[in-house]
There are 2 protein chains.
Amino acid sequence: MDKKLGKVLVVDDEKDIIQIVKYNLELHGYEVDTAENGVDAISKLKTFKPDLMLLDIMMPHKDGIQTCIEIRANPEYDDILIIFLTALSDEKSEIRGLELGADDYISKPIKPKLLVSRIHSAFRRLSKDDAKTIIFPNLEINREKFMVTHNAKEILLPRKEFELFALLASKPGRVFLRNEILEKIWGSDVIVGDRTIDVHIRKIRQKLDADYIQTVKGVGYKFEI
Amino acid sequence: MDKKLGKVLVVDDEKDIIQIVKYNLELHGYEVDTAENGVDAISKLKTFKPDLMLLDIMMPHKDGIQTCIEIRANPEYDDILIIFLTALSDEKSEIRGLELGADDYISKPIKPKLLVSRIHSAFRRLSKDDAKTIIFPNLEINREKFMVTHNAKEILLPRKEFELFALLASKPGRVFLRNEILEKIWGSDVIVGDRTIDVHIRKIRQKLDADYIQTVKGVGYKFEI
DNA sequence: CTAACTTCTTATCCATTTCGGAATTTTTAC
DNA sequence: GTAAAAATTCCGAAATGGATAAGAAGTTAG
């Protein structure tokens with residue numbers, strides 16, 4: 001079976017465009033799903049869980065800009081890569097798009113080679129970020145070596161604690177909801193109580209004598225230097 | 001049966017070229033498979049597992065440059081040698097190609113003698129790197145001789161133990177997951193229980209009285225001086 | 001071909017670590 | 001001040017890997 005490079009959701013109201021894009025991406029090993037407008041797209045997020053979205057800006061039923069805003073506002077989806085598609089001249093939108101947290105920008109008419117290479121490089125950026133060691137002053141979290149170094153002292157955390165800490169540290173300042181944490185560390189199928197998270201948080205705090213983890217009552221936890 | 005010197009994947013969209021190259025390489029004892037474009041090539045990596053690729057730059061469906069980038073980005077394949085084939089004048093590509101981690105560069109039209117000699121020398125470089133003994137203070141692991149020298153004392157490890165030890169030592173500090181170990185030492189098709197790894201680890205520890213192998217509970221093992 | 005030996009794998013038992021939950025106290029938000 | 005949420009403590013359960021032994025499987029020597 002073909003190993004899939006990643007999942008891409010293509011959102012455009014023009015069927016021709018969708019066809020072309022879908023064809024080219026699948027040829028290069030991506031798994032593709034499509035949507036015809038913003039509403040449609042958002043409803044497909046839950047089931048398809050794309051890694052990247054190609055988002056046309058001009059669309060009926062919620063345009064690309066609006067869709068992007070909504071996705072970025074939802075912590076569950078805010079690590080999806082977003083690349084805008086737009087008419088060549090539309091410079092204003094480009095600027096706005098990038099401000100809104102889009103990751104790249106491709107002008108129509110679409111040139112398949114360019115498209116694919118942009119998407120590749122977007123994914124490459126993503127995977128790099130993912131694998132790398134997370135580094136802060138006095139604190140290093142090495143996913144590969146499964147090790148935390150704090151003030152030049154190596155600290156060995158058990159698996160769950162490590163994963164939890166690495167998760168929080170992966171986006172400093174961002175609050176992770178308890179649900180989200182359960183989902184990502186324990187998986188959606190495992191059922192554990194809320195107190196369990198507390199206990200793990202506490203153990204981490206204990207082992208690193210500095211407190212990098214902040215509690216946001218009623219919401220979740222965040223990592224902060 | 002002829003002893004094969006190595007596996008070469010020839011990627012070019014011109015059938016004539018493929019013919020010539022394939023003929024010459026097989027004549028000199030290489031095992032050859034072919035692909036007509038980048039997409040095709042990448043999909044053959046999994047099954048053919050080449051040691052070296054001859055990669056044409058100008059191709060439809062993913063050009064050589066792009067293909068090279070993708071291969072280099074994948075740790076599973078990043079030790080494959082890559083030699084670009086290109087039209088004589090195409091100087092820009094040459095520079096770019098070498099930047100991207102290509103190992104050599106051959107201009108068309110292809111002269112069979114030159115081709116073969118370049119490939120020979122590429123393999124020579126590879127085998128040097130590969131046979132490289134892993135050396136630490138007081139510890140030497142010689143892949144070629146299947147031998148471990150610890151404090152000037154030669155230690156003979158059985159095959160599995162040796163391979164396991166060499167694997168871990170190949171990336172000191174990095175944790176190898178149990179799955180990963182099974183995959184690399186036993187292969188994806190063989191089914192052995194998890195305990196088997198433990199036992200081998202234990203035997204290695206026993207034979208080298210110093211403990212270079214650390215357990216990371218729930219995750220795997222790593223080598224550490 | 002057989003016997004002796006080595007290597008590989010599985011099974012079993014055991015110690016330890018890690019995990020998750022309950023109860024209680026403390027903190028926080030309103 | 002009150003109620004809800006989180007911190008803390010403690011404990012039993014479960015998971016995990018280490019140790020040992022023993023049986024397969026593979027090798028080698030005679």
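Here the structure is a predicted model, which means the values were calculated and not measured. Below, chain A is the first sequence line, B the second, and so on; all start at residue 1.
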Pick base, sugar-phosphate or nothing for [X], based on heavy-atom distances below 4.0 Å to the nucleic acid.
X      : result
B/F162 : nothing
B/I191 : sugar-phosphate
B/K217 : base
B/H200 : base

Would you kindly give the [atom1]-to-[atom2] distance between [X] and [N], to the nearest whole Å?
X      : N      : atom1 : atom2 : result
A/D194 : C/dC19 : CG    : C1'   : 16 Å
B/L157 : C/dT6  : CG    : C1'   : 14 Å
A/I201 : C/dG20 : CD1   : P     : 13 Å
A/I204 : D/dT8  : CD1   : C1'   : 15 Å
B/I155 : C/dT7  : CD1   : C1'   : 18 Å
B/D198 : D/dG17 : CG    : C1'   : 5 Å
B/L164 : C/dT7  : CG    : P     : 15 Å
A/R202 : D/dT8  : CZ    : P     : 6 Å

Taking 4.0 Å as the cut-off, does a side-chain nitrogen or oxygen of [X] come that near to OP1 or OP2 on [N]?
X      : N      : value
A/R159 : D/dA15 : no
A/T215 : D/dA7  : yes
A/Y221 : D/dA5  : no
A/R205 : D/dA7  : yes
A/T196 : C/dG21 : yes
B/R178 : D/dT16 : no
B/W186 : C/dT9  : yes

salt_bridge([X], [Y]) N-O dist < 4.0 Å:
X      : Y      : result
B/K171 : A/E144 : no
B/R178 : B/D194 : yes
A/E163 : A/K184 : no

Discussion item. Between B/Y23 and B/H28, do the side chains contain a donor N or O and an acceptor N or O under 3.5 Å apart?
Written reply: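 Their side chains do not contain a donor-acceptor pair, so the 3.5 Å distance test is not met.
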
Worksheet item: Considering heavy-atom distances to DNA chain C, does A/K203 or B/K203 have its closest nucleotide positioned more toward the 5' end?
Response: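 Final value for this comparison: B/K203.
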
Worksheet entry | Whichever of A/P158 and B/E161 has its nearest DNA chain C nucleotide further upstream toward 5' |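 The answer here is B/E161.
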
Item to complete: May I ask you to decide if the ring planes of B/Y212 and B/H150 are parallel, tilted or perpendicular, using 30° and 60° as cut-offs?
Response: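 Answer is perpendicular, since the angle exceeds 60°.
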
